[in-house]
Amino acid sequence: MRIIPIASGKGGVGKSMVAANLAVAFAQAGKRTILVDLDLGASNLHLVIGHQAPQLGIGTFLGDPRSDFAKVITDTDLPNLKFIPGDTEIPGTATLKVSQRQALVKRLLSLNADILILDLGAGTHQSILEFFLLSGQGIIVSAPTVTATLNAYVFLKNAVFRLMYTAFTKDSRAYAYLEKLRKEGSGLQRLYLPKMLEEIKNIDGKSYGKFKTHVDRLHPALIMNMAHDPKDADVALKIRRSCEVYLDLKIELLGVIYQDALQDISLASRMPVTIYKPQAVVSQSLYRIADKILQTDEDNFTLTDEEINETFQDAASEAEQDFESKLEYVEELMHSGALSQGDLIETVKTQQLEIMKLKKENNFLKYTLSKAMKQGFKP
Ligand SMILES: Nc1ncnc2c1ncn2[C@@H]1O[C@H](COP(=O)(O)OP(=O)(O)OP(=O)(O)O)[C@@H](O)[C@H]1O
Ligand SMILES: [Mg+2]
């Protein structure tokens with residue numbers, strides 16, 4: 001069974017949208033797919049796939065871990081797609097006890113399916129990282145904003161640290177070294193990882209070797225969602241470089257998905273966009289991503305540097321093509337009279353206002369930051 005966890009760091013960037021639509025695409029391709037809402041405490045995936053408010057969900061199971069897990073697996077309108085709802089009533093993933101998480105993971109791993117998609121919550125809580133690390137083939141969804149890209153990188157950095165803590169036993173010198181650094185006050189997150197790893201390799205080669213086996217299985221793939229123009233593919237390159245330089249981690253780019261009003265229209269109609277309008281540009285980019293995943297060999301996932309470069313080049317040229325298709329669509333709407341020049345002018349005006357507002361906020365933030373730096377704050 002192939003496990004595909006979907007994470008982001010920052011909330012609201014489209015994890016659930018991507019999870020639901022990939023699940024649809026896999027099911028339509030004949031794969032027995034189970035979509036799991038692991039955003040406990042803030043579950044809303046049932047809305048995205050047009051499922052009625054669930055009676056039973058993961059919370060039911062967590063409340064009584066000896067209960068029959070099969071009870072929480074529900075059918076959907078699509079033949080090959082099953083769904084496991086999360087829960088909004090329970091306090092959330094962050095408060096999961098280790099024993100609860102382990103019981104849940106055990107049930108998830110024993111499910112009978114071809115593909116298991118895990119829609120994770122936002123943030124970098126330990127449980128979220130553990131769910132993400134259940135597979136080496138997790139997906140990170142980001143938007144092209146500075147905060148979303150930073151959070152995508154921070155999520156991966158935390159995942160790498162989590163792997164270290166998993167690999168190092170408590171009595172090892174590597175663990176003692178990590179703890180010493182942590183207690184020294186600067187915080188592990190601020191340290192330069194490659195240098196730290198070099199040190200760990202020197203003082204405790206065995207623990208380092210264990211970590212290396214874990215981290216070598218980690219091949220995260222990025223999706224840049226809510227893009228505005230083809231240049232947003234370059235933002236993905238920045239995440240890639242940070243991961244390579246600071247984490248010694250290679251990531252590939254699965255694709256770029258444009259911001260599209262159709263997404264919220266389909267959400268309001270309680271349908272994944274791939275079902276609501278399969279031919280739309282946004283749906284086609286989701287299908288393309290699903291195809292790429294299905295074409296990769298799940299057991300032999302390591303890509304060479306050249307292949308990784310290719311994933312970025314392909315995604316960038318697909319983004320160019322999608323952009324053209326979107327422009328053609330606008331032209332068609334104008335020709336058919338469905339969109340007037342007045343509508344277009346209104347849209348541009350609104351966007352200009354939004355950009356001005358963002359610029360103002362940005363200036364204010366810069367001003368606050370420079371004031372704080374004068375008072376000794378170090379970013
Ligand atoms: N490409 C897109 N174009 C337009 N709207 C989008 C796109 N992707 C997602 N959205 C919208 O953005 C909102 C957030 O998406 P979604 O709920 O999938 O994000 P999320 O990362 O799962 O959020 P959370 O962290 O709260 O779980 C939703 O209203 C969704 O319809
Ligand atoms: Mg979500």
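Position 1 is the first residue of the sequence, and the numbers go up from there. All ligand and atom numbering here is 1-based and tracks the order in the structure.
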### Message
For atom 31 (O) of ligand 1, what's the nearest protein heavy-atom neighbour? Residue, atom name and distance, please.
### Response
D264 OD1, 2.7 Å

### Query
What residue and atom, counting heavy atoms only, is the protein's closest point to atom 17 (O) of ligand 1, and at what distance?
S16 CB, 4.1 Å

### Message
List ligand 1 atoms under 4.0 Å from G11, heavy atoms only on the residue side.
### Response
25 (O)

### Message
Please list, in number order, the atoms of ligand 1 under 4.0 Å from a heavy atom of Y258.
### Response
1 (N), 2 (C), 3 (N)

### Query
Can you name the one residue among R2, Q137, E252 that meets side chain to side chain donor-acceptor pair (under 3.5 Å) with T296?
R2

#### Entry: Part of D39 with heavy atoms under 4.0 Å of ligand 1, whether side chain, backbone, both or neither
side chain

### Query
Between L120 and ligand 1, is there a nitrogen or oxygen pair with a distance under 3.5 Å?
no

### Candidate with minimal heavy-atom separation from atom 13 (C) of ligand 1, of M226, Q263, Q259
M226

### Query
Judged by non-hydrogen atoms, does G12 sit under 4.0 Å from ligand 1?
yes

### Query
Is it true that R288 and D322 make a salt bridge, defined as a side-chain N closer than 4.0 Å to a carboxylate O?
yes

### Query
Without hydrogens or angle criteria, can the side chains of E320 and S317 be said to hold a donor-acceptor pair below 3.5 Å?
no

### Y258 and F323 aromatic ring geometry - parallel, tilted or perpendicular at 30°/60° bounds
tilted

### Message
I'd like to know whether the aromatic ring centres of F132 and F155 sit less than 6.0 Å apart in this structure.
### Response
yes

### Task
May I ask you to check if any N/O/S atom from N44 comes under 2.8 Å of the Mg ion (ligand 2)?
no

## Note on the structure
When rounded to the nearest 0.5 Å, the distance separating OG of S8 from CD1 of I139 is 12.0 Å

### Protein contact to atom 25 (O) of ligand 1 [nearest heavy atom, distance to 0.1 Å]
K15 NZ, 2.8 Å

### N225, portion touching ligand 1 at heavy-atom distance under 4.0 Å
side chain

### Query
Any idea which protein heavy atom is nearest atom 4 (C) of ligand 1, and the distance to it?
D260 O, 3.1 Å

### Query
Among protein heavy atoms, which sits nearest to atom 18 (O) of ligand 1, and what does the distance come to when rounded to 0.1 Å?
M17 N, 2.9 Å

### Query
Using 4.0 Å as the upper bound for N to carboxylate O, is an ion pair formed by R182 and E179?
yes

### Query
At their closest point, which heavy atom of A19 faces which heavy atom of L35, and how far apart are they?
O-CD1, 3.7 Å

### Task
Please report which non-hydrogen protein atom sits nearest to atom 19 (O) of ligand 1, along with the residue it belongs to and the distance in Å to one decimal place.
G14 N, 2.9 Å

### Query
If you count the atoms of ligand 1 from 1 in the order shown, which ones are under 4.0 Å from a heavy atom of L267?
29 (O), 31 (O)

### Task
Please round to the nearest 0.5 Å and tell me the distance separating atom CD of Q313 and atom OG1 of T311.
8.5 Å

### Message
For R173 and N202, which I'm curious about, is there any donor-acceptor pair between the side chains at under 3.5 Å?
### Response
no

